[in-house]
Amino acid sequence: MAGDGNDSDDLIVQAFKAYDQEGKIDSKMFTHALMTWGDKMTKAEIDDIFGEFEIDEDYMIKSKDVIGLFVAVKEEPKAEEPAPVVEEAPPAEEDEGDAKKKKKKKKAAK
């Protein structure tokens, strides 16, 4: 890829956000920008990069995919919710004779 990578990650993210439209970037406008301003990219470089993206029927790319490719995105640690406590009733201790009687009663009730 062209360039020396001297820009900070924050600056690069801000640059991509300038093209953000509701979480997506217009791939045609983005191609024009990459080939026109700054460290200009070649068509081959752009084709290589765009191979990493899913481009929808409106020629839009998810902004997070673009930013994730160009910048090492730090994931924020998610606050873990405590797992709900499931209390299970201990199995009732029955002798074998009582268990058979209950099964017969269930069948008769149906």
Let me check something: any side-chain donor-acceptor pairs from residues 21-32 under 3.5 Å, sequence neighbours excluded? List them with distances.
residue, atom, partner, partner atom, Å
K24, NZ, D56, OD2, 3.0
D26, OD1, K28, N, 2.8
D26, OD1, M29, N, 3.2
S27, OG, Y59, O, 2.8
T31, OG1, S27, O, 2.8
H32, ND1, T36, OG1, 3.4

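The NZ atom of K17 sits 10.5 Å away from atom CG of D10, with the distance rounded to the nearest 0.5 Å. Going from atom CG of D65 over to atom CD of E54 covers 7.0 Å, rounded to the nearest 0.5 Å. Annotation: the span from Q14 atom CD to I67 atom CD1 amounts to 10.5 Å, rounded to 0.5 Å. Put simply, CZ on F50 and NZ on K43 are 8.0 Å apart, with the number rounded to the nearest 0.5 Å.
Using a 4.5 Å cut-off between side-chain heavy atoms of Ile, Leu, Val, Met, Phe, Trp and Tyr, with links allowed through other members, M60 and I55 fall into different hydrophobic clusters. At a threshold of 4.5 Å between side-chain heavy atoms, the hydrophobic network of Ile, Leu, Val, Met, Phe, Trp and Tyr places L11 and F16 in two separate groups.
Considering only heavy atoms from C-beta on, L34 stays 4.5 Å or farther from K40 through its side chain. Here the side chains of K62 and V66 are not in contact, with every heavy-atom distance at 4.5 Å or above.
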Would you sort out whether F70 and D9 count as a side-chain contact (heavy atoms from CB on, under 4.5 Å), showing the intermediate values?
CA-CA 9 Å; F70 285 91; D9 287 352; over 6 Å; no

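Under the 3.5 Å distance criterion, the side-chain polar atoms of E52 are left unmatched by any main-chain donor or acceptor of I49.
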